[in-house]
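Handing you a structure now.
Each chain gets a letter, A, B and so on, in the order the sequences are listed, and its residues count up from 1. Side chains are part of it too, since the values below use all heavy atoms of this structure and drop only hydrogens, waters and symmetry mates.
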Number of protein chains: 2
Amino acid sequence: MQQTLITITNASTILKLLGDKTRLTMVKILDSHDCCVCEFVEMFKTSQPAISQHLRKLKDLGIVKEMRRGQWIIYSLNKESEYYPLVQNILQHLPNQDFKLKELEEQGLRISCE
Amino acid sequence: MQQTLITITNASTILKLLGDKTRLTMVKILDSHDCCVCEFVEMFKTSQPAISQHLRKLKDLGIVKEMRRGQWIIYSLNKESEYYPLVQNILQHLPNQDFKLKELEEQGLRISCE
DNA sequence: TAAACATATAACAATTTACTTATATAATAA
DNA sequence: TTATTATATAAGTAAATTGTTATATGTTTA
């Protein structure tokens with residue numbers, strides 16, 4: 001009961017958005033590392049438009065933000081979001097997904113390293 | 001990182017389930033009071049089968065449990081669920097919904113009072 | 001400037017979801 | 001034991017969701 005409250009309507013929208021395995025995994029990964037679109041495409045073995053559409057939904061609700069770096073667009077968690085505390089609380093129940101980034105690095109496909 | 005981890009697959013299923021305004025409100029109410037089906041029907045101004053189907057989904061995943069009392073079936077949060085800690089963490093971001101029960105009481109429609 | 005690369009958007013199809021109405025089941029009351 | 005009340009289930013439908021392919025946009029490199 002400590003943090004700011006979120007309306008039930010807004011919370012259900014957020015939860016529905018996170019209630020997709022691909023998006024939830026994306027957000028968990030972004031919690032520890034920024035990523036660009038093509039990295040997600042590699043990780044999830046799915047089409048680039050599919051990934052792009054997932055990211056757009058997350059961006060529309062302000063959960064992630066983007067930043068262009070040359071030809072790449074780097075996505076990151078938006079820590080200023082009013083939903084960030086809720087998202088954080090959810091993510092802490094999930095196992096770390098760093099192995100997915102490790103796999104990318106081993107294939108030499110990691111881009112947005114900082 | 002303290003509590004038991006939940007697989008991303010299971011977590012996304014739970015979040016999708018809670019990503020519905022009616023179900024999320026139900027769970028928030030059940031967090032403080034047990035309720036029977038007909039009370040939810042009154043609260044949400046929707047059909048009895050619709051409510052029944054929402055409750056079944058929540059029950060199928062073990063988030064709520066039921067207990068017959070005469071002709072009524074009383075639903076409550078299943079605190080033994082492996083998902084209970086996650087659900088609790090989510091619910092604490094939501095405003096209290098006790099006013100909905102108050103409205104029922106004022107109409108004399110509260111059943112499962114204990 | 002043209003080709004290549006990274007990403008976004010549009011249009012569409014398949015699937016899933018959340019209602020509805022009708023009906024079945026179970027308990028209680030008359 | 002019949003009527004009533006509470007709940008569940010089945011079947012059908014409309015809307016939402018998620019993927020696909022095709023194409024557009026913007027950046028870099030040759």
- CD of B:Glu42 versus C1' of D:dT5: gap in Å, rounded?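 The answer, rounded to whole Å, is 14 Å.
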
- Respond yes when some side-chain nitrogen or oxygen of B:Ser47 is under 4.0 Å from OP1 or OP2 of C:dT20, and no when none is. yes

- Is a donor-acceptor contact shorter than 3.5 angstrom present between the side chain of A:Gln71 and the base of D:dT25?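 Result: no qualifying N/O pair found.
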
- Message: So, OP1 or OP2 of D:dT18: does either fall under 4.0 Å of a side-chain N or O from A:Lys21?
- Response: no

- Residue met sooner reading DNA chain C from 5', once B:Arg23 and A:Gln53 are mapped to nucleotides: A:Gln53

- C:dC19 phosphate, OP1 or OP2: any side-chain N/O from B:His54 under 4.0 angstrom?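 Answer is yes, contact under 4.0 Å.
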
- Between CD1 of B:Ile73 and P of D:dT9 the distance, given in whole Å, is 9 Å

- A:Phe44 ring centre to A:Lys100 NZ or CZ under 6.0 Å, with the angle to the axis within 45°? yes

- Any donor-acceptor N/O pair, A:Glu42 side chain to A:Glu39 backbone, under 3.5 Å: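 It does not hold such a pair.
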
- Task: Look at the side chain of B:Gln48 and the base of D:dA6, then say whether one donor and one acceptor between them are separated by less than 3.5 Å.
- Result: no

- Using modelled atom types only, decide if a donor and an acceptor are shared between the side chain of B:Lys28 and the backbone of B:Gln97 within a distance under 3.5 Å.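 The answer is no, because no donor-acceptor pair under 3.5 Å joins these two groups.
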
- Item | Nucleotide D:dG19, atom P - distance to CZ of A:Phe40 in whole Å |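 Result: 14 Å.
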
- Query: Between A:Arg56 and C:dT9, does any side-chain N or O lie under 4.0 Å from OP1 or OP2?
  - Reply: yes

- Query: Are the side chain of A:Asn78 and the backbone of A:Gly62 linked by a donor-acceptor contact shorter than 3.5 Å?
  - Reply: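 It does hold such a pair.
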
- Item | A:Lys16 or A:Gly70, whichever maps to the more 5' nucleotide of DNA chain D | A:Lys16

- Task: Output yes when a side-chain donor or acceptor of B:Arg56 lies under 3.5 Å from a complementary backbone atom of B:Leu58, and no otherwise.
- Result: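 It does not hold such a pair.
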
- Side-chain N,O (A:Tyr75) to OP1/OP2 (C:dA8) below 4.0 Å: yes

- Message: Any side-chain N or O of A:Thr46 below 4.0 angstrom from OP1/OP2 of D:dT18?
- Response: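 No.
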
- B:Met26 CE - C:dA18 C1' separation (whole Å): 12 Å

